[in-house]
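Computed from a predicted model, the values in this text were never measured in an experiment. Numbers restart at 1 for each chain; the letters A, B, ... are given by sequence-line order, proteins then strands.
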2 protein chains.
Amino acid sequence: MAKDLEKSLKIADQRCIEQGLRLTPQRRQVMGLLLEQEGPRSAYDLLDELQSRHQPGAKPPTIYRALDFLVSAGLAHRLASTNRYLACGHLACDHGHERTLFLVCDQCGAVREATMDTPLKQALNRSLSQEGFTAGTQPMEMHGRCRACR
Amino acid sequence: MAKDLEKSLKIADQRCIEQGLRLTPQRRQVMGLLLEQEGPRSAYDLLDELQSRHQPGAKPPTIYRALDFLVSAGLAHRLASTNRYLACGHLACDHGHERTLFLVCDQCGAVREATMDTPLKQALNRSLSQEGFTAGTQPMEMHGRCRACR
DNA sequence: AGTCGGGCGTTACGCTGTAACGTACGCTTT
DNA sequence: AAAGCGTACGTTACAGCGTAACGCCCGACT
């Protein structure tokens, strides 16, 4: 477990270097908190955690800055529909996670980070171009019940 | 314009009667505010509007209760990613708006309520069943740039 | 040495949403 | 008619989410 954590943090270091970004100690701590968690967490949950574990004096802007950085660096995701954050589930793979789809279980809160297959991407792109709409980078989210909770 | 508003409110009345729900004067006023608007509005915007136009003493729970009712009755939608509300764009049509996709322009804020075509629905359903995930009723949202803002 | 920008601390504030309680009113049951 | 019941709504108070704005420090580049 702790091994996986360290390994993931190393990958995060690497990803930042590649992009010319700085994974400062503070940002790394927050990334560590995200990696430890099972599911998505709210910013204030993470703030509490950060305060009790690393930085007693941390204030809201501290956690939001770190999270914004991690999201923009592609190391974490923000679930817009529930105001929650989670580590990217595809840290290791290279395949730039464009067009991922989050499946959010409304019962247990679990989030599955699904990648869209080719036919789905194509059908979606066709619909979008028909509307003249250019998709941004924010992933899509779908709510429902996961396999375990059905 | 005002004609359309009245007509839409009549349809809303009808929809409620069909479902055995009560579109009270207060709820009807809020529905009217939603129908008047160009784009999606925040709950507090609507609260201000409600206060200045109909109910000076209205408080947050007033507007949230009305909005929750309208959403659950299928007369309005909530954009989870931006905390905004808008009247359902398909009030007139019968085709129960399951599987709609909101295209949200990050620049101008406009929202287009697109209906998924059959191939897209199929591709999506296949992906979901593969994951063992059962979709709920909440519509999906996609962010990007609309035709006009490109 | 000067300056420039990024990261961070700190304060203060605004927006979003709800819990919990009480009241009024219409409906059914007795 | 009286009692009981559920829904809508008023009201208070609070919890959670997020950011603007300011200033300091420090490393990099000239």
ask   = Which ones in residues 79-87 of chain A lie close to DNA chain C, meaning a heavy atom under 4.0 Å from one of its atoms?
value = none

Sub-4.0 Å heavy-atom contacts from residues 17-26 of chain B onto DNA chain C, ordered by number = none

task = Kindly work out whether a path of hydrophobic side-chain contacts (I/L/V/M/F/W/Y, heavy atoms less than 4.5 Å apart) joins B:Y44 to B:L34.
result = yes

key: Upstream residue (5' side of DNA chain D) when A:D45 and A:R65 are each assigned their closest nucleotide   = A:D45

ask   = Taking atom P of D:dG18 as reference, at what distance in whole Å does atom CG of A:L46 sit?
value = 11 Å

request  = Taking all non-hydrogen atoms of both residues into account, name the closest pair between B:A73 and B:Q19 and its distance.
outcome  = O-NE2, 3.1 Å

inquiry  = Grouping I, L, V, M, F, W and Y whenever their side-chain heavy atoms are under 4.5 Å apart, do B:F102 and B:Y85 come out in a common cluster?
reply    = no

request  = Check whether B:L47 and B:F69 end up in the same hydrophobic cluster, where Ile, Leu, Val, Met, Phe, Trp and Tyr are linked by side-chain heavy atoms less than 4.5 Å apart.
outcome  = yes

request  = Apply side-chain hydrogen bond (donor to acceptor under 3.5 Å, both in side chains) to the pair A:E49 and A:Q37, showing each step before the final yes or no.
outcome  = CA-CA 11 Å; A:E49 201 75 14; A:Q37 302 307 144; over 6 Å; no

DNA chain C-proximal residues of residues 55-64 of chain A, any heavy atom under 4.0 Å = A:Q55, A:K59, A:P61, A:T62

message = Measure CG/B:L67 against C1'/C:dT16 and give the value in whole Å, please.
response = 12 Å

inquiry  = Once rounded to the nearest 0.5 Å, what's the spacing between atom CG of A:L50 and atom CD1 of A:I63?
reply    = 5.0 Å

inquiry  = Tell me whether B:R84 is salt-bridged to B:D45, with the criterion being a basic N under 4.0 Å from an acidic carboxylate O.
reply    = no

query = Ring stacking, A:Y44 with base of D:dC17, under 5.5 Å and under 30°?
reply = yes

query = Has B:R78 got a side-chain N or O lying under 4.0 Å from the OP1 or OP2 atom of C:dG17?
reply = yes

ask   = Between D:dA15 atom P and A:L47 atom CG, what is the distance in whole Å?
value = 16 Å

task = Give the intermediate values and the outcome of side-chain contact (heavy atoms from CB on, under 4.5 Å) for residues B:M31 and B:L91.
result = CA-CA 12 Å; B:M31 187 67 197; B:L91 257 195; 3.9 Å; yes

ask   = Over how many whole Å does the gap from B:F69 atom CZ to D:dT7 atom P extend?
value = 13 Å

ask   = So, is B:R28 close to the D:dA8 phosphate, meaning a side-chain N or O under 4.0 Å from OP1 or OP2?
value = no

task = Return no unless some side-chain N or O of B:S42 is found under 4.0 Å from OP1 or OP2 of C:dC15.
result = no

request  = Report the C-alpha distance between A:R27 and A:L75 in whole Å, list the side-chain angles of each, state the deciding distance to 0.1 Å, and finish with yes or no for side-chain contact (heavy atoms from CB on, under 4.5 Å).
outcome  = CA-CA 11 Å; A:R27 292 165 174 174; A:L75 302 176; over 6 Å; no

key: Distance in angstrom units between B:H54 NE2 and D:dG10 C1', rounded   = 18 Å

B:R150 atom CZ: more than 12 heavy-atom contacts under 6.0 Å = no

request  = Nearest 0.5 Å please: distance from the CZ atom of A:R41 over to the CG atom of A:L33.
outcome  = 8.5 Å

